[in-house]
Amino acid sequence: MIWNALALVGGLAITAATLFDVFATVVVPGRVAGPINVSRLLRTMLFRSWRAALKYATGKPHPRMDSVFGAMLLLSVLLVWITLTLLGLSLAAWALRASFVPAIWSFGDAAFQIGSAMMTLGLSSQSAGGWARPLVVWSGLCGLQIITLTLSFTVQIQTALRDRDALVLKLASRAGTPPSGIALLVTTRELDANGGLPRLFDRWEDWASMLLYTHAAHPVLAYFRSDKGVIDWLTSLGAVLDAASVTLAMVDDAPTGNARLLHASGTRAIRELCRAFRLDPREEPELSDEDIALAIKRLQHAGYTVPPGREARLRDFQRAYRREFAALVRHFGVDAPAWVGEQRECAASA
């Protein structure tokens, strides 16, 4: 008798915790936390083994976590949700086995009964009576709920990827591959004059805010690459933050309001993502005087006014996000943004 009670309470508890996790992940992502977090647990377990296999295969200390890992993680989350719900309801059915006609005596028969009810197949030969009737009905509702929310979750992922990558892919024509903040400033000046830079920074400020919401709510999104490795969302974010930092610290004849907003929004996104993935930032080498001098030469050649003695200001602006950004680059194994980028003969050909 006591085992039946324990199985019933434990099964209902497992079911309730799983359904709450589905609700917290799909309906109100990032706003509530339940007793379990399937996505985070799977990400932690699978990431280590996947990274170890890639290290062995490529010989690189920080191999690229490609989109296959993201797809596998997404599929694994959905399968675990279904499995846990089936397990919990099957335990409850086994505890109420005497209420079925004919009676259920094995856990396998209980799982088949519940699985048939969840998928609304009607394959079971047993009929339910007593408290088993609401359990079977609830099993069918749980199955429909998980399938519906799974479809909604898939649409959310697809929509977020589309919104994220549309602007990223445009960056290649302005900033090169890998993208460079200096190249972005030079090309924007040559193509759009002074009016193009504020609009560019404004769009990327909105993009960084969108990235913070979607990728913190659904971390699996971060593992999907943008375009077969040609250009990546994280590398692009680093490039536009470099461009904003240079504009704020070194350029006198460019509007700085939008650059300041982008710098604040992008820095916050990087810090929050670093916290979401539980990464440990460490000190990173700063730009050398030679690197900054080369950037100044490119900017002046493009027509920007760059007063002397601004190196320390540039390093201060970059210091706000440099450590956390480097930790994310190592975690995902992506390329860091180029600093100066390739010299262009004619920006219009980009």
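Just the heavy atoms: all of them, side chains too, but no hydrogens, waters or symmetry mates, feed the values below. Given the structure is predicted, the values throughout are model-derived calculations rather than measurements.
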(message) Any heavy-atom pair between the side chains of Thr25 and Trp81 that's under 4.5 Å?
(response) yes
(request) Taking the side chain as every heavy atom from C-beta outward, state whether Leu6 and Val9 have any pair of such atoms under 4.5 Å apart. (result) no
(request) Kindly compute the distance separating CD1 (Ile114) from CD1 (Ile104), expressed to the nearest 0.5 Å. (result) 7.5 Å
(request) Taking the side chain as every heavy atom from C-beta outward, state whether Val220 and Val77 have any pair of such atoms under 4.5 Å apart. (result) no
(request) Looking only at non-hydrogen atoms, find the nearest pair between Thr177 and Ala172 and report the distance. (result) CG2-CB, 3.8 Å
(request) State, to 0.1 Å, how close Ala302 and Val186 come at their nearest heavy-atom pair, and which atoms those are. (result) CB-CG1, 3.8 Å
(request) Let me see the working for Ser90 and Trp94 under side-chain contact (heavy atoms from CB on, under 4.5 Å), right down to the final yes or no. (result) CA-CA 6 Å; Ser90 298; Trp94 183 80; over 6 Å; no
(message) Taking the side chain as everything from C-beta on, heavy atoms only, tell me whether Phe153 gets closer than 4.5 Å to Leu74.
(response) yes
(message) Has Arg133 got a side-chain atom pairing as donor or acceptor with Ser99's backbone, closer than 3.5 angstrom?
(response) no
(message) Taking Leu135's backbone N and O only, do any of them form a donor-acceptor pair with Ser139's side chain (distance below 3.5 Å, no angle check)?
(response) yes
(request) Run through the side-chain heavy atoms of Ile, Leu, Val, Met, Phe, Trp and Tyr, join any pair under 4.5 Å, and report what else lands in Leu79's cluster. (result) Leu75
(message) What I'd like to find out is whether the side chain of Leu171 reaches to under 4.5 Å of the side chain of Leu167, using heavy atoms alone.
(response) no
(message) Donor-acceptor check, side chain of Ser180 to backbone of Trp339, threshold 3.5 angstrom: yes or no?
(response) yes
(request) May I ask whether Leu234 and Val68 are part of the same hydrophobic cluster, defined by side-chain heavy atoms of I, L, V, M, F, W, Y residues being less than 4.5 angstrom apart, directly or through others? (result) yes
(message) For Arg315, is there an ion pair with Asp289 - N to carboxylate O distance below 4.0 angstrom?
(response) yes
(request) Look at the side-chain heavy atoms of Ile, Leu, Val, Met, Phe, Trp and Tyr, link any pair under 4.5 Å apart, and say whether Ile147 and Leu86 land in one connected group. (result) yes
(message) Salt bridge check, Arg310 against Asp252: does any charged N sit closer than 4.0 Å to a carboxylate O?
(response) yes
(request) Quick one: closest heavy-atom pair of Leu91 and Gly11, and the distance? (result) CB-CA, 3.9 Å
(message) Let me confirm one number: the CG-OG1 distance from Leu87 to Thr15, rounded to the nearest 0.5 Å.
(response) 8.0 Å
(request) Decide yes or no for Asp232 and Asp335: does some side-chain heavy atom of the first lie under 4.5 Å from some side-chain heavy atom of the second? (result) no
(message) Less than 4.5 Å apart, side chain to side chain, heavy atoms only: is that true for Thr44 and Arg278?
(response) no
(request) Look up atom CG in Asn258 and atom CH2 in Trp204, then write down how far apart they are to the nearest 0.5 Å. (result) 15.0 Å
(request) With rounding to the nearest 0.5 Å, note down the distance linking OG1 in Thr150 to CD in Gln145. (result) 9.5 Å
(message) Looking at Arg322 and Glu286, is any side-chain nitrogen of the basic one under 4.0 Å from a carboxylate oxygen of the acidic one?
(response) no
(request) For the residue pair Phe325 and Tyr321, categorise the inter-ring angle as parallel (less than 30°), tilted (30 to 60°) or perpendicular (more than 60°). (result) perpendicular
(message) Are more than 12 heavy atoms, taken from residues, nucleotides or ligands other than Arg268, located less than 6.0 Å from that residue's CZ atom?
(response) no
(message) Looking at every non-hydrogen atom in both residues, tell me the closest pair between Thr58 and Pro63 and how far apart they are.
(response) OG1-CB, 3.7 Å
(message) Show the nearest heavy-atom pair for residues Ala269 and Leu212, with the distance to one decimal.
(response) CA-CD1, 4.0 Å
(message) Under the side-chain contact (heavy atoms from CB on, under 4.5 Å) test against Trp233, which residue among Leu161, Val168, Leu221, Leu169 passes?
(response) Val168
(message) Working to the nearest 0.5 angstrom, can you tell me the gap between Lys60 NZ and Lys55 NZ?
(response) 13.5 Å
(request) Share the residues that join Leu261 in a hydrophobic cluster, the rule being Ile, Leu, Val, Met, Phe, Trp or Tyr side chains under 4.5 Å apart at the heavy-atom level. (result) none
(request) For the pair Phe277 and Phe47, evaluate ring-ring contact (aromatic ring centres under 6.0 Å, His included) and give the outcome as yes or no after the intermediate values. (result) CA-CA 11 Å; Phe277 287 96; Phe47 180 85; 8.5 Å; no
(message) In this structure, would Met45 and Leu84 fall into the same cluster of hydrophobic residues linked by side-chain contacts under 4.5 Å?
(response) yes
(request) Would you kindly confirm whether Leu197 and Phe317 end up in one hydrophobic cluster when ILVMFWY residues are joined by side chain heavy atoms under 4.5 Å apart? (result) no
(message) Within this structure, what is the CG-OG1 distance for the pair Leu149 and Thr154, rounded to the nearest 0.5 Å?
(response) 10.5 Å
(request) Compare every heavy atom of Ala338 with every heavy atom of Pro178, then report the nearest pair and how far apart it is. (result) O-CB, 4.0 Å
(request) Evaluate the side-chain contact (heavy atoms from CB on, under 4.5 Å) criterion for residues Leu273 and Leu211: first the C-alpha distance (whole Å), next the side-chain angles of each, then the deciding distance (0.1 Å), finally the verdict. (result) CA-CA 9 Å; Leu273 287 175; Leu211 183 84; 4.1 Å; yes
(request) Following the transitive rule for hydrophobic clusters with a side-chain heavy-atom cut-off under 4.5 Å over Ile, Leu, Val, Met, Phe, Trp and Tyr, establish whether Leu46 and Leu41 coincide in one cluster. (result) no
(request) May I ask you to decide if Lys170's main-chain N or O and Ser173's side chain share a donor-acceptor pair within less than 3.5 Å? (result) yes
(message) Please check if the number of heavy atoms outside Trp50 that lie under 6.0 Å from its CH2 is greater than 12.
(response) yes
(message) I'd like to know if Asp316 and Arg319 make a salt bridge, using a cut-off of under 4.0 Å between side-chain N and carboxylate O.
(response) yes
(request) For the residue pair Thr18 and Thr85, confirm or rule out a side-chain donor-acceptor distance under 3.5 Å. (result) no
(request) Describe, in one word, how the ring planes of Phe69 and Tyr223 are oriented to each other, choosing from parallel (under 30°), tilted (30 to 60°) and perpendicular (over 60°). (result) perpendicular
(request) Find out whether Pro179 and Leu184 are in side-chain contact, i.e. whether some heavy atom of one side chain is under 4.5 Å from a heavy atom of the other. (result) no
(message) Between Phe201 and His263 (judged by ring centroids, cut-off 6.0 Å), do the two rings come close enough to count as a pair?
(response) no
